[in-house]
Each structure stands twice: as structure tokens, then as C-alpha cells.
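A quick note: this is a predicted structure, and the numbers were derived from the prediction, not measured.
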Amino acid sequence: MADLFSVPPAPTKNVAFFFDLDGTLAGIKPHPDHVAIPEPVRDALFQLSQAHDGAVALISGRSMVELDRLASPYRFPLAGVHGAERRDISGKTHIVALENETARCVQQQLSTALAVLTGAELEAKGMAFALHYRQAPQHEAAIVALAQHIVAQFPELALQPGKCVVEIKPKGINKGAAIAAFMQEAPFRGKLPVFIGDDLTDEAGFAAVNRLNGISIKVGAGDTQATSRLPDVAAVHQWLQNAAENQKQNALTDRRDGYESLSRSI
């Protein structure tokens, strides 16, 4: 849907911002532990949050523990594991859990199967499982088939393909549902949603934002439901820092206009 590469400047009033992390706020790395959000980008996120009553959230396949670590020292509303865990502005958490026996059985099968696929890696998240093959692209077909086999056994589970990863998660959980939940709560309610993401996992988020007549931004090339694009992570950083600076200038203008109105009334 989106032209390559066109994106509007961020609105400065009555906006709610949602950001994916890997491939959006931070570059993709060979191993997830190598990823970091640059300090100026974290600062810009915080500036936007302050300007919009806290309506800035991170929406990611990572756990909330990881998201807090990467966003430190700041603390934002979060949706982790594609929305299976969510923390609202008040700090209340909303968790979708698997039955203990289901989680145990799935992890055991995956661990056994991946042990013979050299370079593949299992990331167990409790309520979801990520099968990474960035270091072993030759195993993609085997890993997809394995994930399909697991989901066929457990109807409460669903597949979520991504960049060099296939995730197994509770059915009905996705980033679009997480954004929709945030948009029903303060401070997001009634604002224009803006969501930036880069992966197949973000398409449900784009669809949710489009339904609300918001701004959906895809990072990079590829088919998408998003209405705008940015070419890469560096462009996201520039867009975000421009948004924070524009917000600062807008606040200064509002303050100056307020002073001038007061002077005229006196």
C-alpha cells in the first residue's frame, strides 16, 4: 500500500505513539542479546512521552523484562511477546498464559528437535516460543515444518512468522490486539495512533491503526498494509528525533503565544 519511501512528519498534538523494537528502534543483530537502543533515541522517546501524557508504548515480540532493560532508564507502557503480556500506564500487567503441561510439552519437543539443527536456537518465553534460524538459514524449511507440527497438536496455539524466526504463541494474540487494548485506555484513548514496525509480526498492528485512521509506517521494503514507509532504522531514528524536536518547538510556540495573549489582555 505504501509508496517507497514516503512518510509524513509526526503530528504534534493528540497523538499516541507505538514502536516495534528490533528492526525499528534498533538494528537487527546476529544474536538478540547484541541489540541496543541508542541513548539519543531513548531520550527522544521519553521527550515524546512527556509531551503526550505518557502515550508512548513499545510493542514487541521480546519479553517485557527485555524491553525494560533496553529502554532503561525510562519506563514505558509495554506489550511484550506480541501482546501476550502487556503493562498499562498505571503499571498493571495483563498476561495470557499457557497451561503448564502444554508449555512443558511444547518446550520439550522443540528442544529435542532443534538439538539436531545446528545453528538454530530456541527462545522459550513461557507463554510463547521463538525458533530462530538467522545463524542457520539452511534449516528454515525444517523449522517451519516443526512449528506447524506443534501447532497442529495444540489448537490453542498459532504460528507467527518473522525475519529468520518462527514463533509459536497463544491464538488470538497479536500486536494489533495489543494496540487496540491500549487505545481503549488512558492516556491513549481518543488520540491519533501512530505505529512504526518492520516485520510480518507488525502487519496486524498496521491493520489496527489503519482501522482507526491513524498513521502506519513500514520500515524497509516488502508488501505491507502500512500507509507510509521509512527506508531503514537510521531513518526511524531521524524521524523520531525530528518528532521530539518539533514537539519541543511547538511547546515553545504555545508558551510564547500564551505570554502574548496575556500581555494583550493586560
Side-chain angles (χ1 to χ4, degrees), residues 20-36 58-71 78-87 93-179 181 197-205 220 222:
D20 173 48
L21 198 142
D22 294 85
T24 300
L25 292 177
I28 300 290
K29 299 294 183 182
H31 194 278
D33 289 345
H34 299 161
V35 168
L58 304 183
I59 313 287
S60 174
R62 288 178 179 265
S63 70
M64 293 197 301
V65 170
E66 290 179 295
L67 293 175
D68 272 335
R69 176 180 61 81
L70 288 164
L78 305 173
V81 195
H82 307 287
E85 52 180 21
R86 192 171 67 86
R87 185 179 71 216
T93 57
H94 310 259
I95 306 295
V96 177
L98 296 178
E99 294 289 337
N100 289 338
E101 181 59 23
T102 298
R104 185 199 63 78
C105 184
V106 170
Q107 182 162 348
Q108 184 178 57
Q109 289 190 50
L110 292 175
S111 296
T112 300
L114 290 183
V116 300
L117 300 177
T118 304
E121 183 177 348
L122 172 63
E123 182 185 0
K125 305 178 182 181
M127 74 289 286
F129 304 87
L131 286 63
H132 297 276
Y133 54 90
R134 184 169 298 277
Q135 305 301 312
Q138 70 275 18
H139 295 316
E140 177 181 2
I143 286 173
V144 171
L146 170 61
Q148 291 172 335
H149 174 69
I150 294 292
V151 168
Q153 296 178 61
F154 300 95
E156 67 269 39
L157 299 178
L159 290 186
Q160 177 61 71
K163 291 181 178 177
C164 296
V165 64
V166 177
E167 301 205 37
I168 299 170
K169 59 181 181 141
K171 189 172 289 183
I173 296 299
N174 60 65
K175 293 183 180 181
I179 289 173
D198 74 302
D199 205 348
L200 289 172
T201 63
D202 299 309
E203 290 297 322

Please enumerate all residues that pass salt bridge (charged side-chain N to carboxylate O under 4.0 Å, His left out) together with Lys169, with sequence neighbours excluded. none
How close do Ala103 and Phe129 get, heavy atom to heavy atom, and via which atoms? O-CZ, 3.6 Å
Can you confirm whether Leu110 sits close enough to Ile168 that some side-chain heavy atom of one is under 4.5 Å from a side-chain heavy atom of the other? yes
Side chain to side chain donor-acceptor pair (under 3.5 Å) partners of Asp199, counting only residues at least two apart: none
Could you measure the distance from the CD atom of Glu140 to the CG atom of Leu117? Nearest 0.5 Å is fine. 12.5 Å
In this structure, OG1 of Thr118 is separated from CD of Gln135 (nearest 0.5 Å) by 12.5 Å
I'd like to know if Lys163 pairs up with Asp198 as an ion pair, taking the criterion as any Lys NZ or Arg NE/NH1/NH2 lying under 4.0 Å from an Asp or Glu carboxylate oxygen. yes
Evaluate the side-chain proximity of Leu157 to Leu98: yes if any heavy-atom separation is below 4.5 Å, no if none is. yes
Less than 4.5 Å apart, side chain to side chain, heavy atoms only: is that true for Asp68 and Arg87? yes
Considering residues at least two apart in sequence or located in another chain, which fulfil the side chain to side chain contact (heavy atoms under 4.5 Å, CB included) criterion with His149? Gln109, Gln153
Taking only residues two or more places apart in sequence, or in another chain, which ones meet Glu167 in a side chain to side chain donor-acceptor pair (under 3.5 Å)? His82, Lys125
Run the side-chain contact (heavy atoms from CB on, under 4.5 Å) check on Leu146 and Val166 step by step: do they pass? CA-CA 10 Å; Leu146 170 61; Val166 177; over 6 Å; no
What pair of heavy atoms forms the shortest contact from Ala26 to Ala36, and how long is it? CB-O, 3.3 Å
So, taking the atom named CG in Asn174 and the one named CD in Glu203, what distance separates them when rounded to the nearest 0.5 Å? 11.5 Å
Taking every heavy atom of Met127 against every heavy atom of Ala84, the minimum-distance pair comes out as CG-CB, 3.5 Å
Between Leu58 and Leu70, is any pair of side-chain heavy atoms under 4.5 Å apart? no
If you take all heavy atoms of Val81 and Ala128, which pair is closest and at what distance? CG1-CB, 3.3 Å
Looking at residues at least two apart in the chain, or sitting in another chain, which of them share a salt bridge (charged side-chain N to carboxylate O under 4.0 Å, His left out) with Glu99? none
Give the minimum heavy-atom separation between Val165 and Tyr133, together with the two atoms involved. N-CE2, 3.5 Å
Do Gln148 and Leu159 have side chains that approach each other closer than 4.5 Å (heavy atoms only, starting at C-beta)? yes
Between the CZ atom in Arg62 and the CG atom in Leu21, the distance rounded to the nearest 0.5 Å is 6.0 Å
Compare all side-chain heavy atoms of Arg134 with those of Ile28 and state whether any distance is below 4.5 angstrom. yes
Quick one, Glu66 and Val35 - any side-chain contact, counting heavy atoms below 4.5 Å? no
Give a yes or no on this: more than 12 heavy atoms of other residues, nucleotides or ligands lie within 6.0 Å of atom CG of Asn100. no
Once you round to the nearest 0.5 Å, how far does CG of Leu131 lie from CG of Leu114? 5.0 Å
With sequence neighbours excluded, what pairs up with Ser111 under the side chain to side chain contact (heavy atoms under 4.5 Å, CB included) test? Gln107, Leu122
Quick check: closest heavy atoms across Asp22 and Ser60, and the distance to 0.1 Å? OD1-OG, 4.4 Å
